[in-house]
Amino acid sequence: MPYRKPWIRWGVAGLALTLAASASAQSSLRDEALDAQRTQAELQERIDNADEAVREQLRELRQAREETRRLRAYNQELAPVVERQAATLEERRSGVESLAETREALPGMMREMVERLRAWVEHDMPFLRDERLARVASLESTLSAADLSSAEKLERVLAAWRAELDYGRELDAWRGELPGDTPREVNFLRIGRIGWYYLTPDGHQGGVWKAEAGEWQSLDESALAEIRKGLRIVREQRAPAMLDLPVSQPVEDAS
């Protein structure tokens with residue numbers, strides 16, 4: 001066996017150790033580099049994810065702000081409607097309360113209306129007196145009827161009042177009995193509540209009711225001619241025309 005020098009053997013071994021150490025160092029560096037790259041990638045991924053989350057939060061914030069703006073605008077538009085509805089509800093509530101009070105007061109109010117109607121008829125010119133007093137008496141019985149509602153009773157009271165008020169606007173004629181020592185059939189003519197007249201069937205006698213005196217006053221021939229004219233107008237036997245007749249009561253007292 002050839003002889004090798006010791007320092008040569010150690011040199012070769014040292015070189016081998018050096019190369020092995022270098023390879024190990026390079027492997028370690030590669031591993032560290034790979035770890036660094038992975039860490040960098042993970043960090044970048046986290047950054048990217050964080051950026052996306054931030055962007056999503058920003059989008060949600062913008063949407064929330066836009067929704068808030070729309071809600072404010074809608075509330076501004078809706079506010080007057082709500083105020084009107086609140087006012088309407090308050091009016092209805094007040095109306096219901098008032099209606100309840102009116103219902104409680106209605107029976108007494110209707111009795112008062114009937115009493116006033118009777119007083120009016122009794123103090124008015126006595127045309128169709130029996131008929132009008134019978135209407136009032138019927139109303140008095142109506143108020144005591146248990147089978148009629150308050151609304152039906154009120155309607156009948158108002159209808160009676162309308163009938164009385166219409167007398168003040170009508171031109172009317174009818175045949176009836178003239179009271180007196182010797183009752184007789186005559187033709188009556190009424191002009192609202194300002195004039196009430198009669199004319200005998202032969203047309204030769206007639207009179208005007210004087211409210212202040214409470215009696216009939218005879219009329220002359222010219223006035224009788226006007227009564228005949230008025231009767232023909234009511235019976236549609238001639239065209240409407242002005243009538244020149246004395247009044248039964250002052251115009252300001254007629255209604």
Side-chain angles (χ1 to χ4, degrees), residues 108-143 152-255:
M109 182 181 69
M110 288 191 293
R111 282 194 299 271
E112 182 182 354
M113 291 177 68
V114 174
E115 290 171 1
R116 289 175 57 192
L117 187 61
R118 174 175 286 281
W120 188 8
V121 173
E122 289 176 345
H123 292 88
D124 195 17
M125 290 192 304
F127 62 89
L128 304 174
R129 185 181 180 87
D130 293 342
E131 176 184 325
R132 294 160 68 196
L133 287 175
R135 184 186 296 123
V136 175
S138 175
L139 285 179
E140 292 170 341
S141 299
T142 295
L143 296 183
E152 291 172 317
K153 294 176 182 179
L154 179 59
E155 178 57 34
R156 295 189 184 187
V157 171
L158 293 177
W161 269 94
R162 283 193 292 267
E164 283 295 326
L165 292 173
D166 287 342
Y167 287 138
R169 297 186 288 264
E170 293 176 344
L171 188 67
D172 193 16
W174 68 96
R175 194 174 184 88
E177 185 179 275
L178 181 68
D181 296 336
T182 306
R184 50 184 170 162
E185 287 284 320
V186 297
N187 293 306
F188 289 107
L189 174 67
R190 180 178 58 80
I191 302 174
R193 278 190 165 85
I194 63 171
W196 184 28
Y197 314 91
Y198 79 87
L199 184 69
T200 57
D202 59 13
H204 297 312
Q205 294 181 4
V208 57
W209 177 262
K210 286 298 183 178
E212 293 182 354
E215 61 182 19
W216 292 99
Q217 183 181 90
S218 298
L219 294 174
D220 58 24
E221 180 55 36
S222 63
L224 296 179
E226 291 296 304
I227 295 176
R228 288 193 288 269
K229 184 197 299 184
L231 289 171
R232 290 197 297 271
I233 292 172
V234 174
R235 294 165 181 165
E236 298 182 350
Q237 295 173 350
R238 62 161 295 162
M242 294 292 294
L243 298 175
D244 184 12
L245 286 166
V247 295
S248 294
Q249 60 182 348
V251 176
E252 60 268 20
D253 293 336
S255 58

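Position 1 is the first residue of the sequence, and the numbers go up from there.
- Around the CD atom of E236, the shell of radius 6.0 Å holds no more than 12 heavy atoms that belong to other residues, nucleotides or ligands.
- Residue D130 qualifies as open at atom CG: its count of foreign heavy atoms under 6.0 Å is 12 or below.
- At a threshold of 4.5 Å between non-hydrogen side-chain atoms, the residues L245 and V208 do not count as touching.
- Heavy atoms of other residues, nucleotides or ligands lying less than 6.0 angstrom from CZ of R111 number 12 at most.
- Considering R118, R169, R135 as possible partners of E164, the one that fulfils the salt bridge (Lys or Arg N to Asp or Glu O under 4.0 Å) test is R135.
- E115 is not listed as a side-chain neighbour of E140, based on a closest heavy-atom distance of 4.5 Å or more.
- Taking the six-membered ring where the residue is Trp, W216 and W209 present perpendicular rings, their angle passing 60° and hence far from 30°.
- A pairwise comparison of heavy atoms in D172 and V234 identifies C-CG1, 4.1 Å as the closest pair.
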- Task: Start with the C-alpha distance between N187 and R235, add both sets of side-chain angles, then the distance that settles side chain to side chain contact (heavy atoms under 4.5 Å, CB included), and finish with yes or no.
- Result: CA-CA 12 Å; N187 293 306; R235 294 165 181 165; 3.3 Å; yes
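- E226 and K229 are joined by a salt bridge, as a carboxylate oxygen and a charged side-chain nitrogen come within less than 4.0 angstrom of each other.
- Taking 4.5 Å as the limit, every side-chain heavy atom of T142 sits out of range of all side-chain heavy atoms of E152.
- When all heavy atoms of A160 and L117 are compared, the pair lying nearest together is CB-CD2, 3.8 Å.
- Heavy-atom minimum distance, L189 versus I227: CD2-O, 4.0 Å.
- Annotation for R238: atom CZ counts as buried by contact number, over 12 foreign heavy atoms lying within 6.0 Å.
- Seen from the ring of F127, R132 counts as a face-on cation partner, given the 6.0 Å and 45° thresholds.
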